[in-house]
Amino acid sequence: MCVLGLGYVGLPTAAVLATVGRRVAGVDLRRDILDTINAGRIHIVEPELDALVRAAVAAGTLRAVADPVPAATFLICVPTPITPDHSPDLRHVEAAAHALVPALRPGCLVVLESTVPPGTLRELVAPIIASSGLVPGRDVFLAHAPERVLPGAVLREVVENERIVGGLTDACTLRCAEFYESFARGTVHRSSAEVAELSKLAENAFRDVNIAFANELANVCARLGLDVWEVIRLANRHPRVQILRPGPGVGGHCIAVDPWFIAAAAPQDTPLIQAARQVNDQRPERVLTQVRHLAARLRRPKVACLGLTYKPDIDDLRESPALHVARALAADPELELSVVEPHLQRSPIPEAPLVGLTQALADADILVILVAHRQFRHLRPDHLLHLMVVDPVGLLSARP
Ligand code: SAJ
């Protein structure tokens with residue numbers, strides 16, 4: 001089989017399939033990525049993936065190639081970002097579909113795993129596949145099976161998550177469901193391509209809206225001088241209430257992006273989804289305002305940021321609100337910044353040295369806790385009495 005796109009979803013999926021007995025050709029545009037993988041190494045960060053790739057490459061079941069090769073099954077796992085004006089950018093999906101046209105043979109299955117706006121499979125991908133002369137739904141099977149894996153737990157979730165598959169036709173759905181049932185332990189649900197497309201977007205938009213609610217509550221509590229963590233903890237004692245955690249914003253490549261795909265499909269009908277995006281996007285600025293407010297009380301204070309990644313216990317910096325906050329502080333001539341990030345060897349911010357937690361606690365005037373990494377969870381307020389603290393993740397508060 002052939003996996004197009006060897007990124008955060010494609011590479012783990014390719015490695016898992018290679019491990020359960022498939023012969024996998026992984027395709028990527030970047031030569032350096034191909035070389036890294038063919039040397040048995042990886043270019044992304046995901047627990048235990050390195051060992052899996054090393055073993056699969058050594059066993060000859062996984063190889064990385066520049067162009068798609070004929071296969072019974074093709075998986076398209078390329079990124080689908082948004083443009084600066086929040087429109088879906090489907091160039092990589094389009095390019096991948098074009099690239100696999102020469103490799104298509106009658107009877108093969110093409111699965112789009114990338115997250116896409118409703119209608120993409122039928123209106124964008126199917127015509128490109130049809131340009132091969134093979135008719136999708138008759139000569140080749142075409143379906144959408146959105147990836148749903150959580151960064152940091154991908155190897156488990158690729159196999160264990162329930163899946164939604166939606167084909168161009170019922171026969172496409174059936175064929176795609178059989179493929180996933182051959183290795184996935186979670187239930188495989190069958191539907192149409194459009195329902196599969198929208199349900200994936202709905203999952204991430206649901207989470208975004210719920211995080212925005214928690215963040216809005218944090219904004220309200222800051223204004224009223226109340227402890228948001230206590231408010232949430234108590235509200236969550238209601239049997240039908242489960243408020244998520246406020247934080248410095250929403251990072252990663254999915255939750256901050258996918259709601260825009262729904263908004264683009266129905267701009268007039270998505271005021272809630274669009275407002276949630278705004279609330280979450282404004283959170284880093286709120287945190288910065290709090291820090292600057294404290295910093296203004298001192299002369300060129302030493303500020304230490306704890307955590308830079310986009311969420312706890314991973315080393316992924318993609319669209320990290322913590323990194324955004326730290327970068328803005330590093331650019332401020334009125335203060336001196338250092339960063340503590342147990343998941344990195346070097347500071348990604350040239351002006352802000354990477355220091356250990358103990359040194360940061362000893363040296364800093366202001367502590368900004370941006371990520372609740374496991375390595376910080378032993379901290380208690382009475383360890384920090386000599387410091388001013390900004391704690392948007394509630395590390396020091398009773399967590400709900
Ligand atoms: N966050 C909060 N408060 C919370 C929960 C999360 O501020 O209560 C923040 C995190 O700190 C992080 C961001 O939200 O910055 C997103 O983190 P996440 O762990 O919620 O999700 P992702 O982006 O790592 O992965 C999501 C997952 N989707 C859902 O949980 C609905 C994953 O299953 C998807 O496969 C993935 O997006 C994707 O690729 O679409």
Side-chain angles (χ1 to χ4, degrees), residues 5 7-13 44-47 77-82 112-117 144-164 186 196-219 228-229 232-233 236 242-262 273 276-277 279-284 286-287 306-325 343 369-373 391-395 399-400:
Y8 284 84
V9 173
L11 182 57
T13 307
I44 56 172
V45 179
E46 181 61 38
C77 303
V78 296
T80 47
I82 42 171
L112 178 64
E113 283 214 2
S114 311
T115 305
V116 291
H144 181 48
E147 64 85 9
R148 306 165 103 188
V149 286
L150 189 73
V154 172
L155 294 183
R156 178 169 50 78
E157 291 208 352
V158 160
V159 179
E160 288 184 2
N161 278 1
E162 300 198 11
R163 304 289 306 220
I164 304 164
E197 287 165 335
L198 187 57
S199 51
K200 159 70 197 209
L201 300 176
E203 292 162 15
N204 281 355
F206 172 87
R207 195 140 167 94
D208 196 47
V209 168
N210 281 279
I211 296 169
F213 181 81
N215 281 332
E216 187 158 293
L217 216 46
N219 297 341
V228 68
W229 299 97
I232 293 176
R233 183 170 54 81
N236 281 351
Q242 205 190 351
I243 302 172
L244 294 183
R245 296 183 314 279
V250 170
H253 265 203
C254 308
I255 294 195
V257 170
D258 299 352
W260 289 117
F261 290 3
I262 306 185
I273 289 173
R277 281 281 71 249
V279 170
N280 288 335
D281 277 350
Q282 285 164 359
R283 280 294 290 171
R286 295 256 177 177
V287 175
L306 301 196
L308 295 177
T309 57
Y310 90 83
K311 63 178 184 177
D313 304 327
I314 55 166
D315 41 15
D316 193 334
L317 293 170
R318 289 178 298 164
E319 310 301 324
S320 167
L323 186 58
H324 177 95
V325 168
H343 295 276
I369 307 176
L370 295 170
V371 188
H373 285 313
D391 180 19
V393 294
L395 186 88
R399 296 171 65 99

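Everything quoted here is computed from the prediction, not taken from an experiment. Any value given below was found using the heavy atoms of this structure, including those in side chains, with hydrogens, waters and symmetry copies removed. First listed ligand is number 1; within each ligand, the first listed atom is number 1.
Each of the following atoms of ligand 1 lies closer than 4.0 Å to a heavy atom of Lys200: 34 (C), 35 (O), 38 (C), 39 (O), 40 (O). Applying the 4.0 Å criterion to heavy atoms of Glu147 picks out, from ligand 1, the atoms 35 (O), 38 (C), 39 (O), 40 (O). Annotation for ligand 1: atoms under 4.0 Å from non-hydrogen atoms of Glu203 are 31 (C). If you number the atoms of ligand 1 from 1 as listed, the ones under 4.0 Å from a heavy atom of Pro151 come out as 24 (O), 25 (O).
Distance from atom 33 (O) of ligand 1 to its nearest protein heavy atom, with residue and atom name: Arg148 O, 2.9 Å. With hydrogens left out, the protein atom closest to atom 27 (C) of ligand 1 is Leu150 CD1, 3.8 Å, a heavy atom. For atom 21 (O) of ligand 1, the nearest protein heavy atom (residue, atom name, distance) is Ile255 CD1, 3.5 Å. Protein heavy atom nearest atom 22 (P) of ligand 1, with residue, atom name and distance: Tyr310 OH, 3.6 Å.
Selection from Thr80, Asn204, Asp258 by nearest heavy atom to atom 29 (C) of ligand 1 gives Asn204. Taking only non-hydrogen atoms, the option from Pro248, Ala218, Cys254 nearest to atom 37 (O) of ligand 1 is Cys254. Nearest to atom 34 (C) of ligand 1 by heavy-atom distance, out of Val149, Asn161, Leu244, is Val149. Among Gly252, Ala256, Gly251, the residue whose heavy atom sits closest to atom 13 (C) of ligand 1 is Gly251. Of the candidates Arg283, Lys311, Arg207, Glu113, it is Lys311 that places a heavy atom closest to atom 17 (O) of ligand 1. Taking each of Ile314, Val9, Ile211 in turn, the one with a heavy atom nearest to atom 6 (C) of ligand 1 proves to be Ile211. Between atom 4 (C) of ligand 1 and the options Arg245, Arg318, Glu319, the minimum heavy-atom separation is to Arg245.
With Val257 as reference, Ile82 is the one residue of Thr80, Thr115, Ile82, Leu201 to meet the side-chain contact (heavy atoms from CB on, under 4.5 Å) rule.
Of all non-hydrogen atoms in Ala214 and Arg245, the two that sit nearest each other are CB-C, 3.8 Å. Scanning both residues, Pro12 and Ile44, for their nearest heavy atoms gives CD-CD1, 4.3 Å. In terms of heavy atoms, Asp316 sits closest to Tyr8 at OD2-CE2, 3.6 Å.
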Report task. In sequence, state the C-alpha distance, the side-chain angles, and the governing distance for Arg148 and Glu162, and then conclude on salt bridge (Lys or Arg N to Asp or Glu O under 4.0 Å). Result -> CA-CA 9 Å; Arg148 306 165 103 188; Glu162 300 198 11; 5.7 Å; no
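Glu46 contributes a side-chain N or O that, together with a main-chain N or O of Gly152, makes up a donor-acceptor pair within less than 3.5 Å. Put simply, the side chain of Ser114 gets close to the backbone of Val78: a donor and an acceptor are under 3.5 Å apart. In this structure, the side chain of Asn280 engages the main chain of Asp208 through a donor-acceptor pair within 3.5 Å.
With a 4.5 Å cut-off on side-chain heavy atoms, Cys77 and Glu147 do not count as touching. For the pair Val154 and Val9, the minimum side-chain heavy-atom distance is 4.5 Å or more.
Assignment of His253 to the shell around ligand 1 is not supported, since no heavy atom sits closer than 4.0 Å. Residue contact check for ligand 1: Thr115 places no non-hydrogen atom closer than 4.0 Å to it.
Considering backbone and side-chain atoms alike, Glu157 places every N or O at 3.5 Å or more from each N or O of ligand 1.
Shown here is Glu216, whose CD atom has no more than 12 heavy atoms of other residues, nucleotides or ligands within 6.0 Å.
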